Protein chains: 2
Amino acid sequence: MPDRLPPLTALRAFDAAARHMSFAKAAEELHVTPAALSFQIKSLEEHLGTQVFRRLNRAVELTEAGRAMAPGMADGFQTLAAAWRAAERTLDNETLTVTAGPAFTAKWLAPRLYEFAQAHPEIELRFSATLKLVDLTRDGIDVAIRFGTGTDEGVYSYPLPADEWVCPVMTPEMAARFPTPDSLRDATLIFDDSIAFLKPPANWDTWFRMMGIDFAPKAGPRFSQADHAIDAALAGVGVALGRRSVVIKDLDDGRLVAPFPNALDTGVRFRFLCNKGAEMRPQIVAFRDWILTEIAKTEHITDRMIRKPSSDFQPE
Amino acid sequence: MPDRLPPLTALRAFDAAARHMSFAKAAEELHVTPAALSFQIKSLEEHLGTQVFRRLNRAVELTEAGRAMAPGMADGFQTLAAAWRAAERTLDNETLTVTAGPAFTAKWLAPRLYEFAQAHPEIELRFSATLKLVDLTRDGIDVAIRFGTGTDEGVYSYPLPADEWVCPVMTPEMAARFPTPDSLRDATLIFDDSIAFLKPPANWDTWFRMMGIDFAPKAGPRFSQADHAIDAALAGVGVALGRRSVVIKDLDDGRLVAPFPNALDTGVRFRFLCNKGAEMRPQIVAFRDWILTEIAKTEHITDRMIRKPSSDFQPE
DNA sequence: GCATTCACATAAGCTATACTTAAGTGACCA
DNA sequence: TGGTCACTTAAGTATAGCTTATGTGAATGC
């Protein structure tokens, strides 16, 4: 990378001016006088050999050259600022920003938040419930909990020791009405499309096939998020095929029951991700250890299950 | 965007040092003395409040804070440099960098290159044959020719006045052997998967359906790039369903013939894309006008075709 | 084992970059 | 027509960023 860039302060001045479309506003943002900003722009124009702003009576507008570089300059300075904030965050051992999918956030993290705060009062947890995330540094995230088959290239990736199985869950009242797997033919079955992307599908069809029941349910409420499907089951709407991570707390607390211990194992695990080298920061260590102990606490539920890989029950 | 960034020269020094993992090399890159670079890093560390490099005997290594910001700094400065080059390119009216898909590049642009050079000796054309392209500015591209249904948000988009139809093409010798559409049942049919993504498919099945021939060919050589399919047809391998843009030059020159004038219209057009505001740059105007006249030159071939939308011949 | 070398740190001093204040220009507006 | 607004220009100044020169500590070589 050669250093054929003009003075960086001139670029920063241009960026601010282009964003505000005003030298005066840009000068204010940078805490300098309008005169200083005017000189910076002029210097930039001398380096480039052409105008970047067209000066109008009471306004300025970008020239073609200015338009060509404005978006890149804005993007570049944003990236630099994000990188700087990332460095600053490494000094802060009292906050921890975690991202996870909506279902994991709502059904696994949120109900346990109080316990984490008890165990680590010095750490302030922040959440970002989204599936879209590409760059931990850029988005100011310390830890990401992810499900599925990602590449995890260039980041620290730790698979959580908890296979994600699915099995029918319902309220205790509902369980009384449907005493056998076969009786589920008459139940309202709730569909969770959130794991439809899994290659050997772990859905109702597969589950009934595992049970040796010739039944391929079609009708029933569908939800794109796993936590919504479970909320429906909790409300007594019907029987859901619940994912371990999403239902385990409700099973542990007795709000839901899994009367049939036959579970389909998806073979996929959640991964604990953070930037390389960040895995030994105190909050991150504390958070990971806490997740592991929380998983261990519900191990007895998984142990009761008869788990078989969903790949064993595919048609053909 | 507040200006809570440390001095930019210090960031640039850090970026160079992190990329080279050496203060001395970084100093060389920036054309300053190692002492200057050492001061810059020190100043950065004072701003941050912690070390960014750990000084070893004969080397340096990044601390956690340094690792946190190094990738972002590299990315940010690259982005700034790309934006600056984009501005410089607007001053250069003698080169024009064009990107297009491999097939369009090979079969439309390349055979006409000489003519463009004749018409515009002052413009140096450069090509980048790829389908993967997101950012014109970042990748140093002036013009992109794209096919399909893109959003074209934030860029200047001009649909080229040439509907992309497909029809059977073959060598003249081959045409003698297969005098009727129905006789194609016995021909080697070449499959082009490059437009398999089209929603009303424009493939052999659809074409035979249009011709009222009950024939759904399965076997035959398949190519993922349209130009390879046409190359096979040119070599006498068989009959290809050729896309207008890819075969029109060979049809015009007589290397291929289209004995059956029934063509399926995909309803999709190529678009001519450039950055907003760049559409009046002289090379870009010249290039666009030249493309339009070249299209007009082969209008007589299209006019001979009986074109019908592929959506008219879908099953069900 | 001692001198050499290599890579970075530090000191002292200089220069030019980036800033300030103050005055100027031209266009819009009341 | 005078006031205001937004940017420009001029002149002067402070300091950021650079240089040369010297210092430090740990590998390397003889």
Side-chain angles (χ1 to χ4, degrees), chain A residues 2-63 65-67 70 73 77 80 84, chain B residues 2-63 65-67 70 73 77 80 84:
Chain A
D3 66 325
R4 43 152 49 112
L5 275 177
L8 294 172
T9 50
L11 294 183
R12 188 178 39 186
F14 169 80
D15 173 48
R19 278 186 288 106
H20 293 289
M21 286 310 276
S22 156
F23 289 12
K25 297 253 183 65
E28 199 183 340
E29 174 182 310
L30 300 174
H31 305 118
V32 295
T33 56
L37 209 116
S38 180
F39 276 110
Q40 292 294 349
I41 301 290
K42 196 182 168 192
S43 139
L44 190 72
E45 291 175 332
E46 274 163 17
H47 274 272
L48 184 59
T50 190
Q51 303 245 112
V52 295
F53 280 105
R54 194 166 299 119
R55 277 73 162 176
L56 305 178
N57 21 21
R58 282 172 118 78
V60 289
E61 66 177 34
L62 288 165
T63 62
R67 268 197 310 276
M73 293 296 168
F77 281 109
L80 294 183
W84 182 247
Chain B
D3 65 323
R4 41 154 48 118
L5 275 177
L8 294 172
T9 49
L11 294 182
R12 188 178 40 186
F14 170 81
D15 173 49
R19 277 186 288 107
H20 289 110
M21 285 310 277
S22 155
F23 289 12
K25 297 254 183 62
E28 198 183 341
E29 173 182 310
L30 299 175
H31 304 119
V32 295
T33 57
L37 208 116
S38 181
F39 277 110
Q40 292 293 348
I41 301 290
K42 195 182 168 194
S43 138
L44 190 73
E45 292 175 331
E46 275 163 16
H47 274 272
L48 184 60
T50 191
Q51 301 246 113
V52 294
F53 280 106
R54 192 167 300 117
R55 277 73 163 177
L56 306 176
N57 21 22
R58 282 172 119 80
V60 288
E61 67 177 31
L62 287 166
T63 63
R67 269 198 310 276
M73 293 296 168
F77 281 109
L80 294 184
W84 181 248

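What you see is a predicted model, and the numbers here were worked out from it, not measured in a lab. In the text below, chain A, chain B and the rest are named by the order of the sequence lines, each starting its count at 1. What's counted below: heavy atoms across the whole structure, side chains too, no hydrogens, waters or symmetry copies.
- Rounded to whole Å, the distance from CD on A:Gln40 to C1' on D:dC7 is 15 Å.
- Atoms CZ (B:Arg54) and P (D:dA26) sit 16 Å apart, rounded to a whole Å.
- Atom CG in A:Leu11 sits roughly 14 Å away from atom C1' in C:dA18 (whole-Å rounding).
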Protein heavy-atom contacts under 4.0 Å, written 5' to 3' over nucleotides 8-17 of chain C as B (base), S (sugar-phosphate only) or - (none), form the string SSBB------
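- Note: CD (A:Glu61) to P (D:dA6) measures 17 Å, nearest angstrom.
- One can place CG of B:Leu8 at 10 Å from P of C:dC19, the figure rounded to the nearest angstrom.
- The residues A:Glu29 and A:Arg19 are annotated as salt-bridged, a charged nitrogen and a carboxylate oxygen being separated by less than 4.0 angstrom.
- Ion pairing between A:Arg54 and A:Glu45 fails under the 4.0 Å rule for side-chain N and carboxylate O.
- Ring planes of A:Phe14 and A:Phe53: tilted class, angle from 30 to 60°.
- Atom pair A:His20:NE2 and D:dC7:P shows a separation of 12 Å (rounding to whole Å applied).
- When all heavy atoms of A:Val60 and A:Met21 are compared, the pair lying nearest together is O-CE, 3.3 Å.
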May I have the step-by-step check of side chain to side chain contact (heavy atoms under 4.5 Å, CB included) for A:Leu44 and B:Trp84, ending in yes or no?
CA-CA 10 Å; A:Leu44 190 72; B:Trp84 181 248; 3.6 Å; yes
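- Residue B:Glu28 qualifies as open at atom CD: its count of foreign heavy atoms under 6.0 Å is 12 or below.
- Per the geometry, CD belonging to A:Gln51 stands 12 Å off C1' belonging to D:dT8, to the nearest Å.
- Side-chain N/O atoms of A:Thr33 include none lying less than 4.0 angstrom from OP1 or OP2 on C:dC19.
- Rounded to an integer number of Å, the gap from A:Leu30 CG to C:dT20 C1' is 16 Å.
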